Amino acid sequence: MNLEFFILVSAVGIFATYVHLIFALWAPRYGLPRLDFPRAMTQLTFGDSFDGPAPYGWGIAVIHVNGILFALLYAAVVAQYLPGDLVVRGLIWGGILFIGAQFVFVPFFLQDGFFGLKGHKMGWLTALIVHLLYGLILGWLSPILEA
């Protein structure tokens with residue numbers, strides 16, 4: 001992996017994460033429940049201090065770092081083993097991230113139950129769509145390393 005590959009995949013990861021966040025925040029415009037990933041990540045990562053809640057921007061930063069790391073993992077390791085063309089590989093990766101989030105992150109870290117069952121009954125659908133959008137953009141724009 002060279003510097004050009006790293007920078008390109010990181011830029012794609014930033015863009016894909018941005019689309020992921022914007023769609024989750026604007027979901028009520030499409031008839032879906034709003035998911036505020038940055039607020040949840042801020043609370044999870046930093047919690048409250050004596051000065052009050054941590055700034056919202058830190059949650060956005062943490063989400064984008066995650067987006068870059070998952071994009072690098074996809075492009076450097078996982079994509080070469082997934083079937084289909086590049087867009088299908090990206091969608092599969094988005095689906096894998098969705099399943100992982102719903103079985104590990106949401107129930108154990110956010111304490112919201114498997115598939116967010118303790119939250120809005122359709123929250124899982126917003127989460128599925130935004131993860132598939134993230135994967136779609138990765139598959140469409142990201143280069144991949146071939147073994």
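What's counted below: heavy atoms across the whole structure, side chains too, no hydrogens, waters or symmetry copies. This one's a predicted model, so the numbers in the text were calculated from it and none came from an experiment.
Remark: Phe5 pairs with no residue by the ring-ring contact (aromatic ring centres under 6.0 Å, His included) rule, at least two apart or across chains.
Atom CD1 of Ile92 is separated from atom OH of Tyr74 by 8.5 Å, given to the nearest 0.5 angstrom. In this structure, CZ on Phe37 lies 11.0 Å from OG1 on Thr17, to the nearest 0.5 angstrom.
Under the 4.5 Å side-chain criterion, counting only non-hydrogen atoms from C-beta, Leu73 is not in contact with Leu69. When side chains are defined from C-beta on, Phe70 counts as touching Leu97, because their heavy atoms get closer than 4.5 Å. For the pair Trp93/Ile96, a side-chain contact is recorded, criterion being any heavy-atom separation below 4.5 Å from C-beta on.
Across all their heavy atoms, Gln80 and Arg89 have their closest contact at CA-NH1, 4.2 Å. Taking all atoms of both residues into account, the shortest heavy-atom contact from Asn66 to Met41 is ND2-CE, 3.6 Å.
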For residues 126-143, please give each side-chain donor-acceptor pair under 3.5 Å, one per line with the distance, not counting sequence neighbours.
| unit_1 | atom_1 | unit_2 | atom_2 | d |
| --- | --- | --- | --- | --- |
| Thr126 | OG1 | Pro33 | O | 2.9 |
| His131 | ND1 | Ala127 | O | 2.7 |
| Tyr134 | OH | Gly67 | O | 2.5 |
| Tyr134 | OH | Ala71 | N | 3.2 |

With a cut-off of 3.5 Å and sequence neighbours excluded, list every side-chain donor-acceptor pair involving residues 18-30.
none

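Within 6.0 Å of the CZ atom in Phe6, the count of heavy atoms belonging to other residues, nucleotides or ligands does not exceed 12.
Using a 4.5 Å cut-off between side-chain heavy atoms of Ile, Leu, Val, Met, Phe, Trp and Tyr, with links allowed through other members, Ile63 and Val65 fall into different hydrophobic clusters.
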